[in-house]
Protein chains: 2
Amino acid sequence: MKAENKHTKIISAATKVFAKKGFFTARISDIAKEAKVADGTIYLYFNNKYDILLSVFEEEVGKIVENTEKLLSAEYDPRKQLEIFASQHLMAMKKNRYLAEVIQIELRQTHKVIKEYRDNKFSKYVGIVAVIIKHGQKTGIYRPDIKPDLAKRAFFGALDEISRVWNASLETNYSVEEIVTQMLSIFLTGIQIDPANLPE
Amino acid sequence: MKAENKHTKIISAATKVFAKKGFFTARISDIAKEAKVADGTIYLYFNNKYDILLSVFEEEVGKIVENTEKLLSAEYDPRKQLEIFASQHLMAMKKNRYLAEVIQIELRQTHKVIKEYRDNKFSKYVGIVAVIIKHGQKTGIYRPDIKPDLAKRAFFGALDEISRVWNASLETNYSVEEIVTQMLSIFLTGIQIDPANLPE
DNA sequence: ATTACATGAATGAATGACCATTCATGTTTT
DNA sequence: AAAACATGAATGGTCATTCATTCATGTAAT
């Protein structure tokens, strides 16, 4: 069994354990057990507990960002781009529910190292939405009075909350397609029957 | 100095400390110091650390829910109701940034007691949005094909993410009015210039 | 091809720091 | 002078991390 293999095993065990117990409640011995290695072995591959969490972010979120950017580069219609972002994000979250939970919960922690990671790498991911909106404004599809920085947060926040509840399985589970359809229809045309009726 | 007073002092000290350090990293002695009481005194008012966090939720979130419901009951237009929910939520988050951070971060923890609290009490708060949307559908203002349970998550998630970034002060800080205007305009009429142009 | 030696990955018991919680003692109120 | 309240040092349990030891595999010497 190769070293790289063990590294990967630890990462995915950690993802699962962090999702189940949360970063602070998770014990190194839990991760070791899940990965079927000795406690000490973990320290041959990672410096400490935070390093494991950051590696999870780095490697797994990295894949998502790459994938999203690749898919988007092949599409020019800003409406389709928003659709791609949404469905790709939801699919990624559905594919690995443990990773989803770690991203949704642990990535918010106040701790310095996590904050830094979030502020740098993760912001870029959310920033993709702002890029799409600006592009749409340039091509005359999106309203110029929409502030991309606000809209990107609204769009991402909506997706994030929907997929969070998804994992918590609190409510009816809609399919990716249903969610994307509703999300796009809300964001593109709003929830009012006839926008012309909107007072002043 | 009355007992009730000390209880309150500990709650608000805890809110501040939890916001700054996060629940798990916060020490009881930090809270005691911030509240200017002895460590042991805290245990005269709360059973344990989790009890403090839950009390913060109970008491502070309780106030927000009450306030929102009161304000909403005086308004009948579903569009105005959505506006009231948004502005009231944002104002509450702005009023006490420590509380906001605790709600946005600590309320998401995987821990059983927190999960339960969120699933019961907090869901009701978010549920208000679904009620508004259903009301709007009945009165013919909102599109009947919109799923209230999805839309409520989208609306709340958008608000939540915007106010979260607000506190993290990562980006330009928009005012409550600006955000409400943009949010309502996005959710009511969408971000497209002319919805009629939307392909099929 | 058997034996002797070397390597470093893997182990898991032991260490030590940290902190929630308790409680013997002091202080204030009635 | 009780009762009620408050204190903060001491306790005990919980892990993250370390490191002496084991063991499987490889290389060299006979």
Side-chain angles (χ1 to χ4, degrees), chain A residues 1-58 102 105-106 109-117, chain B residues 1-58 102 105-106 109-117:
Chain A
M1 192 167 289
K2 277 287 176 316
E4 182 54 30
N5 210 325
K6 201 153 277 189
H7 175 101
T8 310
K9 261 173 74 180
I10 295 171
I11 286 278
S12 84
T15 307
K16 191 165 178 180
V17 174
F18 285 154
K20 277 201 181 145
K21 309 188 100 178
F23 177 76
F24 292 104
T25 315
R27 277 166 301 199
I28 291 292
S29 59
D30 293 331
I31 298 173
K33 205 173 171 188
E34 178 73 36
K36 294 194 183 101
V37 298
D39 294 17
T41 306
I42 290 183
Y43 289 89
L44 297 176
Y45 295 88
F46 301 92
N47 297 325
N48 52 49
K49 209 179 163 188
Y50 279 110
D51 191 29
I52 306 175
L53 183 59
L54 286 186
S55 299
V56 169
F57 290 153
E58 276 293 330
V102 172
I105 296 169
E106 305 307 330
Q109 233 72 61
T110 330
H111 201 279
K112 201 166 169 294
V113 264
I114 300 172
K115 218 174 144 81
E116 264 162 25
Y117 175 81
Chain B
M1 191 168 290
K2 278 288 177 316
E4 184 52 30
N5 210 325
K6 202 156 276 189
H7 176 100
T8 310
K9 261 174 74 179
I10 294 171
I11 286 278
S12 84
T15 306
K16 191 166 179 178
V17 174
F18 286 153
K20 278 200 178 146
K21 309 189 101 180
F23 177 76
F24 292 103
T25 315
R27 277 166 300 199
I28 291 292
S29 60
D30 293 331
I31 298 173
K33 206 173 172 189
E34 178 72 36
K36 291 191 184 107
V37 298
D39 294 17
T41 306
I42 290 183
Y43 288 87
L44 298 175
Y45 295 88
F46 301 92
N47 297 324
N48 51 49
K49 210 180 164 188
Y50 279 110
D51 191 30
I52 306 175
L53 183 58
L54 286 185
S55 299
V56 168
F57 291 153
E58 278 294 333
V102 173
I105 296 168
E106 305 306 330
Q109 232 75 61
T110 328
H111 202 280
K112 201 165 169 291
V113 263
I114 299 172
K115 219 173 146 78
E116 264 163 24
Y117 176 81

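Letters A, B, ... are given to chains in the order of the sequence lines, protein chains preceding strands, and every chain is numbered from 1.
When rounded to the nearest whole Å, the span between CD1 of B/I42 and P of C/dC23 equals 18 Å. Note: CD1 (A/I28) to C1' (D/dT14) measures 14 Å, nearest angstrom. The distance between atom CG of B/D30 and atom P of C/dC18, rounded to the nearest whole Å, is 13 Å. Atom CD1 in B/I31 sits about 17 Å away from atom C1' in D/dT7, given to the nearest Å. Atom CG in A/D51 sits roughly 14 Å away from atom C1' in D/dA16 (whole-Å rounding). Going from atom NZ of B/K49 over to atom P of C/dT21 covers 8 Å, rounded to whole Å. Regarding B/K33, its NZ atom lies at a distance of 21 Å from the P atom of D/dA6, rounded to whole Å. Rounded to an integer number of Å, the gap from B/I10 CD1 to D/dC5 P is 13 Å.
Considering only side-chain atoms of B/V37, the nucleotide from D/dA6, D/dT7, C/dT21 that sits closest is D/dT7. Distance from the side chain of B/L44 is smallest for D/dA6 among the nucleotides D/dA6, C/dA20, D/dA16. Here the nucleotide nearest the side chain of A/T41, chosen from D/dG8, C/dT11, D/dC15, is C/dT11. Minimum atom distance to the side chain of A/R27 is reached by D/dC15, of the listed C/dG12, D/dC15, C/dT21. Minimum atom distance to the side chain of A/D39 is reached by C/dG12, of the listed C/dA20, C/dA10, C/dG12. In this structure, of D/dA6, C/dT21, C/dT11, it is C/dT21 that holds the atom nearest to the side chain of B/N48.
Considering only heavy atoms from C-beta on, A/V113 stays 4.5 Å or farther from A/D51 through its side chain.
The side chain of A/Y43 places no N or O atom within less than 4.0 Å of a non-bridging phosphate oxygen (OP1 or OP2) of D/dC19. A close approach under 4.0 Å does occur between a side-chain nitrogen or oxygen of B/K6 and OP1 or OP2 of D/dA6.
In terms of heavy atoms, B/K115 sits closest to B/T110 at CD-O, 3.8 Å. Residues B/I114 and B/E106 approach most closely at CG2-O, 3.6 Å, considering heavy atoms. Between B/I28 and B/I42, the closest heavy-atom pair is O-CD1, 3.8 Å.
With ring centers used as reference points, A/H111 lies under 6.0 Å from A/Y50.
Heavy-atom distances under 4.0 Å link DNA chain D to no residue of residues 15-25 of chain A.
Judged as a ring-ring contact (aromatic ring centres under 6.0 Å, His included), and not counting sequence neighbours, B/Y43 has no contacts. Listed by chain and number, the residues in a side chain to side chain donor-acceptor pair (under 3.5 Å) with B/K21 are B/D30 (sequence neighbours excluded).
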